[in-house]
Amino acid sequence: MRLRVRLTPRAARDGLGTIEHLADGTPVMLAQVRALPSEGAANAALIAVVAAAAGVAKSKVAVVSGHGARVKTVRIEGDAAAIAAALTRAAGS
């Protein structure tokens with residue numbers, strides 16, 4: 001499964017937010033991490049947040065595009081239906 005995320009580094013807390021649309025209409029899930037956007041720290045923190053929310057191991061999550069950008073594509077390996085349900089719950093809380 002692939003997930004588009006708009007990441008905000010240096011946030012007050014780590015977590016996933018709601019699903020919103022970019023100016024071009026692309027849906028993205030908002031994510032915040034406390035880590036700084038340097039040397040991959042924010043990407044590593046994003047992987048941990050997504051893995052926890054999706055209920056999978058961190059090794060099953062990878063940033064596949066947008067390494068240096070705010071909008072990233074994250075690949076999550078596993079049962080797509082279960083992951084989608086977990087991420088929907090995370091977005092709602």
Side-chain angles (χ1 to χ4, degrees):
M1 159 177 227
R2 291 184 186 259
L3 175 68
R4 298 275 299 191
V5 176
R6 183 176 185 280
L7 180 62
T8 302
R10 289 186 237 159
R13 65 175 185 86
D14 292 341
L16 295 178
T18 60
I19 296 174
E20 296 194 359
H21 291 81
L22 298 177
D24 65 359
T26 304
V28 294
M29 179 171 273
L30 301 181
Q32 306 86 29
V33 295
R34 291 179 293 205
L36 299 175
S38 62
E39 298 181 17
N43 288 341
L46 174 63
I47 288 170
V49 167
V50 170
V56 299
K58 288 188 284 186
S59 62
K60 301 288 184 183
V61 179
V63 176
V64 293
S65 70
H67 295 279
R70 281 192 185 260
V71 177
K72 303 172 183 302
T73 302
V74 178
R75 184 186 71 236
I76 309 166
E77 296 177 18
D79 179 21
I83 292 169
L87 293 174
T88 300
R89 285 191 302 274
S93 58

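Just so you know, these numbers use all the heavy atoms, side chains as well, and skip hydrogens, waters and symmetry mates.
Taking OG1 of Thr73 as the reference point, atom NE2 of His67 lies at 9.5 Å (rounded to 0.5 Å). In this structure, the separation between CD on Glu20 and CG on Leu30 is 4.5 Å, given to the nearest 0.5 Å.
Residues satisfying the side chain to side chain contact (heavy atoms under 4.5 Å, CB included) criterion with Ala45, sequence neighbours excluded, are Val33, Ala35. For Val61, the side chain to side chain contact (heavy atoms under 4.5 Å, CB included) test picks out Ile47, Val50, Ala51, Val56, Val74, Ile76, with sequence neighbours left out. Taking Thr8 as the reference, nothing meets the side chain to side chain donor-acceptor pair (under 3.5 Å) condition, with sequence neighbours excluded. Residues forming a side chain to side chain contact (heavy atoms under 4.5 Å, CB included) with Ala12 (at least two apart in sequence, or on another chain): none. For Arg10, the side chain to side chain contact (heavy atoms under 4.5 Å, CB included) partners at least two apart in sequence or on another chain are Leu36, Pro37. In terms of the salt bridge (charged side-chain N to carboxylate O under 4.0 Å, His left out) criterion, residue partners of Arg75 (sequence neighbours excluded) are, by chain and number, Glu77.
Nearest heavy atoms, Ala54 versus Ile83: CB-CG2, 4.0 Å. Shown here for Ala11 and Gln32, the closest heavy-atom pair between the two residues is CB-CB, 3.5 Å. The two residues Leu87 and Ala53 come nearest to each other via the heavy atoms CD2-CB, 4.1 Å.
Grouping the Ile, Leu, Val, Met, Phe, Trp and Tyr side chains by contacts below 4.5 angstrom, directly or via other members, places Val28 apart from Leu16. Both Leu7 and Met1 are members of a single hydrophobic cluster when ILVMFWY side chains are connected at heavy-atom separations under 4.5 Å.
Met29 places a side-chain heavy atom less than 4.5 Å from the side chain of Ile19.
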